[in-house]
Amino acid sequence: MHDRLHNAFSALRAEEDLKSKTLDAVARRAGRQRARRRRMRALACAAACLLLVLGLGGGLFFTPVSAISLDINPSVMLTVNRFDRVIGIEGYNDGGRELARSTPVLFADYSQALTALLASAAVQDCLERGEALSIFVACDDEQRSQEILANVESCAGGGRNVHCQSGGWAEGSAAREAGLSCGKYRAFLELQALDPDATPEDVQGLTMREIREKIAALSGEPAPTPGQGHGKGHGAHHGGQGCS
Amino acid sequence: MRSEQETARAIELHADTVRRLCLIHLKNQADSEDVFQNVFLKYALSSAVFENEEHEKAWFIRVTINACRDLLRSFFRSRTVPLDDLIDLPAQAPPDTREVLDAVLALPEKYRDPVYLHYYEGYTAPDIGRILHKNANTVYSLLARAKKLLRESLGGDGDA
């Protein structure tokens, strides 16, 4: 039976025609598969590049390079990216939080954001009461800092009670750690130099005018007239430039 | 992926084995040719590395049997086998060959692979067990039962 089975199976052969048809079909289908795989690889590469670009772009977009703090009684701070877009707004007291909530400035150009904030009823009421408005620009790039400061001064309109100053990014970070906006933090540093017991909490609830009055009282100098700058920014040209 | 030359070499070397396995599983000419082509396409696209020709041959046997089973299990095929396209066994084959092949094809499917692999390819029961992923004892049993059935249909002296 073994031989009979072996001989019977031997009679079954793959026809030459089938072999050549198969070789053609395999070459054709394998070529298509290869092309599809190449396309898939190209697509995967393109997707990876796109993700990389989006990731880098997103990373750049959401990286803050400067901060603008606005202190009057509401105290808010805007963080701004390299494209001059506001990527964050934070209130540092109840008034500031309410102002941040009621003024939609996220992703707006910082000049427009600042104009909107200054035009808000809360800020206008304070200005009418004669409160001092302090705007502080924190940025490590001196040229950008100057540009922003010039724009900020233009937005603020140079009122008598408006102080515009600039400083380094580190100062902005230190201010955030102390729970104060940049403008208020700088005023706090001046106060602390005269009164080492002063704490950020002591100035948190005070208006800028009240802090200035405290500083004047401790230093024995007359209270600064509105519109006089107090900045100690990086560089003579850079710091302490009053708007009015 | 393999070159066309590699595929051509594999076809020359393994076409008969693949064809025989297709014939003992599939009764339809078109299905048989489809599986035949698919097996070599799979080889062309595969990056499997073979230690030697025997290893490669075992791969072809395994892949062909799986492809035949997949086709037989497929929902559509189970309902759409055309009856007018049945495989013709070699027309010029001697009467004895046709009788033996008919007897093999009449066996339940589970016996056909062990019979072919043992009586034609010369594999031992443990080898067949490895290729078909079956226990060697199971293969011994399958071969014994298949031999009994073939003896009943073909007669003979039981020399297998």
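Each chain gets a letter, A, B and so on, in the order its sequence line appears, and its residues count up from 1. Keep in mind that this is a model prediction, so the values were computed, not measured.
Here A/L23 contributes atom CG and B/Q5 contributes atom CD; the two are 9.5 Å apart, rounded to the nearest 0.5 Å. How far OG1 of A/T22 is from CD of B/Q37: 4.5 Å, rounded to the nearest 0.5 Å. Note that CZ of A/R4 and OH of B/Y119 are 12.5 Å apart. Values are rounded to the nearest 0.5 Å.
Open room surrounds CD on B/E4; 12 or fewer heavy atoms of other groups in view lie less than 6.0 Å from it. Enclosure of atom CD in A/Q143 is not indicated, since only 12 or fewer non-hydrogen atoms of other residues, nucleotides or ligands lie within 6.0 angstrom. In the displayed structure, B/E53 atom CD is contacted under 6.0 Å by at most 12 heavy atoms of other residues, nucleotides or ligands. Other residues, nucleotides and ligands contribute over 12 non-hydrogen atoms within 6.0 Å of the NZ atom of B/K57.
Contact of A/S20 with chain B is not made at all, since no heavy-atom distance falls under 4.5 Å. Interface remark: B/E121 contributes no atoms to any contact with chain A (heavy atom separation under 4.5 Å). Interface residue A/A30: backbone and side-chain heavy atoms are both found under 4.5 Å from chain B. B/I24 touches chain A through its side chain: at least one heavy atom from C-beta onward sits under 4.5 Å away, while N, CA, C and O do not.
Using a 4.5 Å heavy-atom cutoff, the side chains of B/R19 and A/L12 are not in contact. B/L150 places a side-chain heavy atom less than 4.5 Å from the side chain of A/L5.
The list of side chain to side chain donor-acceptor pair (under 3.5 Å) pairs with a residue in residues 23-33 of chain A, not counting sequence neighbours, reads A/R29-B/N38.
Aromatic rings from B/Y120 and A/H6 are positioned such that their centres are separated by under 6.0 Å. Ring-centre distance between A/F9 and B/Y116: below the 6.0 Å cut-off.
Between the side chain of A/R13 and the backbone N or O of B/D16 there is no donor-acceptor pair closer than 3.5 Å.
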Identify all side-chain donor-acceptor contacts of residues 109-116 of chain A below 3.5 Å with residues at least two apart in sequence or on another chain.
from	atom 1	to	atom 2	distance (Å)
A/D109	OD2	A/S111	N	3.0
A/D109	OD2	A/S111	OG	3.4
A/Y110	OH	A/N151	ND2	2.6
A/T115	OG1	A/S111	O	2.7

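Closest approach of B/T97 to A/A8, counting heavy atoms only: CG2-CA, 3.6 Å.
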